[in-house]
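One structure is given here, and the rest of the page talks about it.
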Amino acid sequence: MILSNKVAVVTGSGRGLGLAYAKALAAAGAAVVVNDVDADAARAAVKEIEAAGGRAVAEVAAVGTTDAAEALVRRAVDSFGRLDVMVTNAGVLRDKVLWKMSDEDFDTVVRVHLRGTFTCARAAAERMREQGEGGRIIVAGSPAGQRGNFGQTNYAAAKAGIAAMVRTWSMELARADITANAIIPVAATAMTKTIPAFAPHVEALEQSGTPLPDTLRKGEGFGTPEDVAPLVVFLASDAAAGITGQCIGIGGDKLALWSHPQEISVAYADGGWSADAIAAAWPVSVGRTPETVGIPAPGI
């Protein structure tokens, strides 16, 4: 994929998945605005990209506000003349079960993930529509947003909302040739390192470079941030011009397309449903095979 004529913003790209995305986009030829709330991490990422022959600048900001989103777009335009790709990756975690989660825990995660994705996508769409040459909006979803996850009311809600926004934007931005897609990564990060089944393998990878075993890469679709980055490059490219409104999973050796929510079982009653009729019909019709919830536990 050749992206030498494109300019990308990657939020939360000082480390982890975001850094992998920024480096991969730069390696493909794109000029990149590296964003992080940590100034040292952002500057280090820029130096790493430049040392490899890429083009990058840093914009230190905490995503979530309109001001931060507009500053990111302005930095791209001022530094490189345009904006073609917006990758919203920045995020935080405040995991607690429902009855222990505070308003601040909830609001912080929603502000960064959901509102941050919205404000950055809106600022990018405004610039891309003004340019009149299309564009790419690539946002970060999560299996938690697709299926829910214990202790992650705030995070799961934000990620589910992000998936819904992508579906909406794919319709709203189609006439402007701007695509909107969500990636659903499964990779060795600070969050997945806390999962007991993954922890020893992630630690071995970090400490000694021991490759992840096939039981993870194939069996669980779990890999490194660098395994996820090619999907971002692909979605940013001209080859993905016809792909929009999708939630695409990637991790390790696995690439997947997630389904959209849809009705899977229906029943009808003449004149409508009484509560008693629903109770009688539920176990033998609509509710015969209820949907499962949660991210399946690793099978290792």
Side-chain angles (χ1 to χ4, degrees), residues 16-17 20 89 91-101 105-106 109-110 113-114 117 138-167 181-206 210-232 235 245-265 282-283 286-300:
L17 283 165
N89 168 76
V92 296
L93 291 176
R94 297 290 188 274
D95 293 355
K96 289 187 178 74
V97 291
L98 173 60
W99 55 94
K100 293 184 178 180
M101 184 171 289
D105 293 330
F106 185 86
V109 170
V110 170
H113 286 275
L114 187 62
T117 296
I138 304 167
V139 305
S142 168
Q146 306 296 104
R147 296 188 54 85
N149 195 32
F150 190 95
Q152 290 194 315
T153 291
N154 45 12
Y155 182 75
K159 292 303 188 182
I162 286 170
M165 290 195 299
V166 156
R167 299 178 191 118
N181 293 286
I183 57 173
I184 313 295
V186 182
T189 65
M191 184 180 80
T192 55
K193 188 178 179 179
T194 65
I195 300 172
F198 295 158
H201 300 288
V202 176
E203 289 173 4
L205 175 67
E206 292 176 345
T210 303
L212 296 171
D214 279 353
T215 52
L216 286 183
R217 293 190 59 84
K218 290 182 171 61
E220 301 296 329
F222 180 88
T224 67
E226 289 71 25
D227 290 320
V228 179
L231 177 58
V232 176
L235 290 174
Q246 303 304 302
C247 293
I248 305 169
I250 189 168
D253 298 333
K254 181 180 179 180
L255 178 68
L257 180 67
W258 282 87
S259 67
H260 296 323
Q262 59 183 335
E263 296 174 340
I264 59 169
S265 181
W282 183 263
V286 173
R288 184 170 54 247
T289 308
E291 292 287 274
T292 61
V293 300
I295 301 170
I300 58 175

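Note that the structure is a prediction, hence the values are computed from the model and not measured. When a residue number appears, it is its place in the shown sequence, counting from 1.
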Report the distance from atom [atom1] of [X] to atom [atom2] of [Y], rounding to the nearest 0.5 Å.
| X | Y | atom1 | atom2 | answer |
| --- | --- | --- | --- | --- |
| I250 | I184 | CD1 | CD1 | 11.5 Å |
| L98 | T153 | CG | OG1 | 5.0 Å |
| L212 | H201 | CG | NE2 | 8.0 Å |
| I183 | L17 | CD1 | CG | 7.0 Å |

Is there side-chain contact between [X] and [Y], with at least one heavy-atom pair below 4.5 Å?
| X | Y | answer |
| --- | --- | --- |
| N89 | V232 | no |
| P143 | V186 | yes |
| V139 | M165 | no |

I'd like a table of donor-acceptor pairs (distance under 3.5 Å, sequence neighbours excluded) in which one partner is a side-chain atom from residues 254-261, with atom names and distances.
from, atom 1, to, atom 2, distance (Å)
H260, ND1, R167, NE, 2.9
H260, NE2, G245, O, 3.3

Closest approach of [X] and [Y], non-hydrogen atoms and distance?
| X | Y | value |
| --- | --- | --- |
| K159 | S142 | CG-CB, 3.7 Å |
| V92 | Y155 | O-CD1, 4.4 Å |
| P185 | G141 | CD-O, 3.6 Å |
| Q152 | A144 | OE1-CB, 3.7 Å |
| P296 | R147 | CD-NE, 4.0 Å |
| A158 | H113 | CB-CB, 3.7 Å |

- request: Show the numbers, then the answer: is there a side chain to side chain contact (heavy atoms under 4.5 Å, CB included) between L114 and I162?
  value: CA-CA 6 Å; L114 187 62; I162 286 170; 4.0 Å; yes
- request: Dump the intermediate steps for side chain to side chain contact (heavy atoms under 4.5 Å, CB included) on R288 and S265, then the final yes or no.
  value: CA-CA 9 Å; R288 184 170 54 247; S265 181; 5.7 Å; no
message: So, using salt bridge (Lys or Arg N to Asp or Glu O under 4.0 Å) as the criterion, who are the partners of D105 when residues are at least two apart?
response: K96
field: Sequence-distant partners of E206, salt bridge (Lys or Arg N to Asp or Glu O under 4.0 Å), two or more places apart
entry: K193
query: After noting the C-alpha distance and the side-chain angles of V202 and F222, does the key distance pass the side chain to side chain contact (heavy atoms under 4.5 Å, CB included) rule?
result: CA-CA 10 Å; V202 176; F222 180 88; 3.9 Å; yes
task: Check step by step if side chain to side chain contact (heavy atoms under 4.5 Å, CB included) holds for N154 and R94.
output: CA-CA 8 Å; N154 45 12; R94 297 290 188 274; 3.8 Å; yes
